[in-house]
Amino acid sequence: MSEFTKTLCPYCGVGCGLEVSPPAQPNKATNRDSKGNPIWRVRGDKAHPSSQGMVCVKGATIAESLDKNRLHYPMIRDSLDQEFRQVSWDEAFDLITQRIQTVRFTQGPEALCMYGSGQFQTEDYYTAQKLFKGCLGTNNFDANSRLCMSSAVAGYIQSFGSDGPPCCYEDLELTDCAFLIGTNTAECHPIVFNRLEKYHRKNRKVKMIVVDPRRTPTAEAADLHLAIRPGTDIDLLNGIAHLLMRWGYIDTLFIDDCTSNFPAYAEVIRHYSPEVVARQCDISIEDLETAARYWGESQRVLSLWSMGVNQSSEGTAKVRTIINLHLMTAQIGKPGAGPFSLTGQPNAMGGRETGGLAHLLPGYRVVKNPQHRAEVEDFWGLKRGQISPNPGLTAWDMITGLETGDVGLLWIAATNPAVSMPDLERTKKALLRSPFTIYQDAYYPTETAAYAHVLLPAAQWGEKTGVMTNSERMVTLCQAFRQPPREAKADWEIFAEVGRRLGFTKEFAFANSAEVYAEFVQLTGDRPCDMTGINHEQLQYQGPIQWPHKEGSKRDTKRLYTDLRFHTSDGRARFGAYYSKGLAEPPDPNYPFVLTNGRLYGHWHTQTRTGRIEKIRSMHPEPFIEIHPRDAATLGIIDKQLVEVRSRRGKANFPAKVTKAIAPGTVFVPMHWGALWAKDAEANALTHPESCPDSLQPELKACAVQLIPVFAEVPIKNYQLQSSQW
Ligand SMILES: Nc1nc2c(c(=O)[nH]1)N[C@H]1C(S)=C(S)[C@@H](COP(=O)(O)OP(=O)(O)OC[C@H]3O[C@@H](n4cnc5c(=O)[nH]c(N)nc54)[C@H](O)[C@@H]3O)O[C@H]1N2
Ligand SMILES: Nc1nc2c(c(=O)[nH]1)N[C@H]1C(S)=C(S)[C@@H](COP(=O)(O)OP(=O)(O)OC[C@H]3O[C@@H](n4cnc5c(=O)[nH]c(N)nc54)[C@H](O)[C@@H]3O)O[C@H]1N2
Ligand code: SF4
Ligand SMILES: [Mo]
């Protein structure tokens with residue numbers, strides 16, 4: 001047997017294949033961490049079709065985080081002001097099942113909630129859906145993907161009749177024009193960016209357009225950077241459409257044969273003349289025309305987007321407006337073209353397949369569709385009507401449900417909402433009111449642990465075998481290569497055991513994760529995400545497989561919609577006709593700046609892993625706020641000076657980084673520093689929860705703030721969890 005175990009990087013949605021091996025000389029000091037644990041060797045898997053052997057710094061260093069600050073035992077406490085005490089799994093399970101039963105029979109199943117994560121493996125997701133939506137009869141399962149992908153999901157469903165990114169990574173090397181909007185691909189999807197950037201550099205005729213209020217490393221590489229005012233994407237996209245129409249770059253044959261609702265859309269874009277759009281977006285007419293010309297003159301246009309688009313109070317409309325451009329120019333269903341949503345988390349896609357949002361059911365089904373419910377009920381052996389016809393509570397609804405007392409039990413797994421939810425002061429207050437919170441994580445401490453009554457130790461990457469799907473629908477087996485530390489268990493095992501103890505013994509009689517997966521794929525039969533031809537064994541021996549992959553099929557499906565038929569009832573893709581609405585909280589004289597926020601290359605979200613890796617800490621030693629020199633001069637702020645940032649909801653402090661990389665009137669802070677990692681530098685102390693009416697995804701990317709220079713010499717440091725504490 002090879003000394004290498006094949007697996008997948010558990011960070012971003014690029015989904016790079018990794019090979020892991022034990023340290024060559026485990027006893028050598030340099031091969032051990034400060035606790036004496038062996039450091040596993042990680043390298044890119046050259047055979048993985050998505051990444052072809054490449055990895056970024058996060059993938060390369062992942063093994064260094066495995067043994068630092070792990071949660072080893074179940075712990076409980078009666079109230080949040082008490083210390084935790086270690087208990088056996090038996091005791092923890094008893095307490096959980098008893099609380100679930102009490103809440104179920106006193107408040108009803110709708111008072112039970114689970115808040116999960118795109119960092120679950122597919123088997124974890126599926127088991128949780130079966131437990132909550134099937135056995136307990138509540139759709140109150142939502143995931144952090146609500147804050148991440150839900151606008152893309154809603155946009156695809158509304159335009160194409162089904163979710164599912166239609167493109168593949170090969171398209172990065174086949175396109176004539178890459179249109180990157182609201183994505184800092186270079187830092188957040190580095191290997192996707194490497195593939196595109198290499199091809200772009202070699203082929204000077206290939207154009208790259210980047211739409212982002214910041215001059216990110218992604219924008220640096222572009223032929224054209226459109227530094228639009230935050231929240232003006234729809235103006236820009238409709239403006240490009242206006243010019244394509246005016247200049248005759250539209251494909252009327254495709255529009256007639258394959259789409260619907262074009263007249264309503266044509267009426268909307270009529271209002272977006274270059275003069276109006278340039279003013280609205282704060283860009284030049286020339287740049288707008290260049291963008292439209294690049295798009296119109298290219299044989300193949302590929303658009304890529306992520307949080308600058310999705311995290312918006314008009315996120316779904318933004319997604320559909322991108323898709324509109326593809327429909328009017330027939331840029332879909334062929335190599336090098338299409339609207340490609342880059343997924344953030346490693347298994348956000350698996351979450352969508354298994355129905356891991358409050359309005360979804362497994363197999364790309366939706367709660368509101370009676371036939372979909374009936375199909376799942378039959379498959380799970382439930383009585384008709386047992387799955388609730390109402391979509392469950394979304395992530396933010398769970399917070400407000402705690403405020404009103406409607407939520408009686410909250411189970412949080414593989415996400416750290418005390419850092420990542422909007423309006424943190426309100427979020428934390430609500431969490432403090434929770435009658436009973438179970439928190440299931442691999443690490444301790446994390447910010448959210450402070451709000452839990454029960455802590456459950458989760459096995460993580462490398463300690464459990466399961467499946468993840470990346471942005472290009474590539475399904476990879478993530479194999480375990482070491483034992484979970486002490487008493488940690490896989491998420492799906494924890495959910496299944498609770499299910500059995502609640503009396504659903506036959507529903508959760510899985511012996512291993514391969515059996516869970518085998519059951520799940522049956523629910524995808526004849527659905528857009530058909531995976532009936534995929535199982536663990538095949539993934540292990542043949543390598544990754546792209547869906548749809550029906551039982552018996554010989555080849556992967558690289559692209560969707562190559563026959564130009566869509567999943568709508570008439571087979572046509574639908575144009576969405578949207579006027580721009582702008583930001584939910586625009587700047588005003590009291591709060592004159594737009595605060596946006598996002599990610600840095602080395603860090604992963606709330607730092608539970610990357611904050612414990614020395615190399616990454618030294619890449620990004622502290623938080624900061626980017627301010628344009630003109631704004632800094634007006635406010636009398638100099639580089640590195642501490643700035644207090646206030647919004648209507650809260651405040652935070654960051655050292656200033658005065659730079660032309662940010663547009664005047666806009667400021668940027670990284671999202672990575674929660675309460676454990678810096679003093680008062682939480683991006684979400686400032687943000688608001690207003691969300692898109694269709695996707696219910698909050699507008700994390702923009703809120704109005706004021707800036708106040710602080711004249712004190714107290715630089716913010718990574719003040720807790722210094723290496724001595726590891
Ligand atoms: N290094 C690293 N990589 C990651 C992650 C990580 O934590 N660290 N997380 C992963 C996850 S879960 C996700 S969701 C992805 C996110 O990947 P991205 O979406 O690429 O990352 P962000 O930095 O959140 O936001 C992208 C850009 O949106 C821009 N933006 C803000 N407002 C607007 C607007 O109104 N319009 C437009 N067009 N742009 C705007 C911001 O300036 C920012 O540069 O990254 C994944 N990859
Ligand atoms: N202001 C602002 N806020 C944001 C965003 C933004 O751009 N700006 N982005 C939003 C987006 S797109 C996202 S995806 C979220 C991310 O926000 P979170 O989901 O809160 O971030 P993570 O730090 O990735 O949290 C994952 C947790 O799961 C744990 N973990 C890892 N593996 C396992 C496992 O196998 N099992 C279990 N049980 N636990 C595990 C980790 O230790 C960690 O505590 O943040 C959202 N919030
Ligand atoms: S690009 Fe994403 S999946 Fe690939 S190694 Fe980096 S973090 Fe991991
Ligand atoms: Mo995300």
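Bear in mind that the values here come from a model prediction, so they are computed numbers and not experimental data. Ligands are counted one by one from 1 in listed order, and the atoms in each one are counted from 1 as well.
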- Message: Could you tell me if K130 sits above the aromatic ring of F508, with its cationic atom closer than 6.0 Å to the ring centre and no more than 45 degrees from the axis?
- Response: yes

- Nearest protein heavy-atom contact for atom 33 (C) of ligand 2: which residue, which atom, what distance? Q460 CB, 4.1 Å

- Message: Nearest non-hydrogen contact with atom 41 (C) of ligand 2 belongs to which option: T608, N684, N69, T610?
- Response: T608

- Query: With a 4.0 Å cut-off on heavy atoms, is K464 touching ligand 2?
  - Reply: yes

- Task: Could you name the option among T415, N347, I412 that has the heavy atom nearest to atom 18 (P) of ligand 2?
- Result: T415

- For W604, the ligand 2 atoms with a heavy-atom partner under 4.0 Å come out as 24 (O)

- Would you say S117 touches ligand 2, if touching means a heavy atom closer than 4.0 Å? no

- Among non-hydrogen protein atoms, atom 8 (N) of ligand 2 lies closest to N597 OD1, 2.6 Å

- Task: Answer yes or no for C56: is there an N/O/S atom below the 2.8 Å cut-off from atom 6 (Fe) of ligand 3?
- Result: yes

- Note on the structure: Under 4.0 Å between heavy atoms, the region of D491 that gets near ligand 2 turns out to be side chain

- Taking only heavy atoms of Q345 into account, list the atoms of ligand 2 that are under 4.0 Å away from them. 14 (S)

- Note on the structure: G15 heavy atoms within 4.0 Å reach ligand 3 at atoms 3 (S)

- Task: Find out whether the Lys NZ or Arg CZ of K464 is both under 6.0 angstrom from the six-membered ring centre of W492 and within 45° of the ring's axis.
- Result: no

- Message: Here's one to test your reading of the geometry: is the NZ or CZ of R43 within 45 degrees of the ring axis of F4 and under 6.0 Å from its centre?
- Response: yes

- Task: Using a cut-off of strictly less than 2.8 Å, determine whether C9 has an N/O/S atom near atom 2 (Fe) of ligand 3.
- Result: no

- Message: For atom 21 (O) of ligand 2, what is the closest protein heavy atom, and at what distance to 0.1 Å?
- Response: H605 CB, 3.3 Å

- Closest approach of any protein heavy atom to atom 31 (C) of ligand 2, naming residue and atom: R609 NH1, 4.0 Å

- Query: What atoms in ligand 2 come closer than 4.0 Å to a heavy atom of A458?
  - Reply: 36 (N), 37 (C), 38 (N)

- Looking only at heavy atoms of K701, does any of them come nearer than 4.0 Å to an atom of ligand 2? yes

- Message: Need the ligand 3 atom indices (1-based, order shown) with element for anything under 4.0 Å from a heavy-atom of P190.
- Response: 1 (S)

- Message: Using every non-hydrogen atom in the two residues, find where L342 and M149 come nearest and quote the distance to one decimal.
- Response: O-CE, 4.1 Å

- Task: Would you mind running through ligand 3 and noting each atom that sits below 4.0 Å from a heavy atom of G59?
- Result: 5 (S)

- Message: What protein heavy atom lies closest to atom 11 (C) of ligand 2? Include the residue and the distance to one decimal.
- Response: R599 NH2, 3.3 Å

- Show which atoms of ligand 2 fall inside a sub-4.0 Å distance from at least one heavy-atom site of A442. 39 (N)

- Which ligand 2 atoms does Y439 reach within 4.0 Å, using its non-hydrogen atoms? 44 (O)

- Query: Closer than 4.0 angstrom: is that true for some heavy atom of Y11 and an atom of ligand 2?
  - Reply: no

- A459 to ligand 2, any heavy atom closer than 4.0 Å: yes

- Message: Going by the closest heavy atom to atom 7 (S) of ligand 3, which one wins out of F193, Y11, Y601, W604?
- Response: Y11

- Query: Who's the nearest protein heavy-atom neighbour of atom 3 (S) of ligand 3, and how far?
  - Reply: C16 N, 3.4 Å

- Message: Under 6.0 Å from the ring centre and within 45 degrees of the ring axis: does the NZ or CZ of R70 meet both conditions for the six-membered ring of Y443?
- Response: yes

- Using a strict 4.0 Å cut-off to heavy atoms of T606, name the atoms of ligand 2 that fall inside it. 20 (O), 21 (O), 22 (P), 23 (O)

- Candidates F141, F436, F495, Y439 - the one meeting ring pair (Phe, Tyr, Trp, His ring centres under 6.0 Å) with W411: F495

- Item | Closest protein heavy atom (residue, atom, distance) for atom 47 (N) of ligand 2 | S420 O, 2.8 Å

- Closest non-hydrogen protein atom to atom 10 (C) of ligand 2, residue and atom name please, with distance? Q311 NE2, 3.4 Å

- Under 4.0 Å between heavy atoms, the region of W492 that gets near ligand 2 turns out to be neither

- Query: Which ligand 2 atoms, with their elements, are less than 4.0 angstrom from a heavy-atom of C148?
  - Reply: 12 (S), 14 (S)

- Message: With a heavy-atom distance limit of 4.0 Å, tell me whether P422 approaches ligand 2 through its side chain, its backbone, both, or neither.
- Response: neither

- Query: Of the protein's non-hydrogen atoms, which lies at the shortest distance from atom 44 (O) of ligand 2, and what is that distance?
  - Reply: D441 OD2, 2.6 Å

- Mark up the atoms of ligand 3 that fall under 4.0 Å of a heavy atom belonging to C12, in ascending order. 1 (S), 2 (Fe), 3 (S), 7 (S)

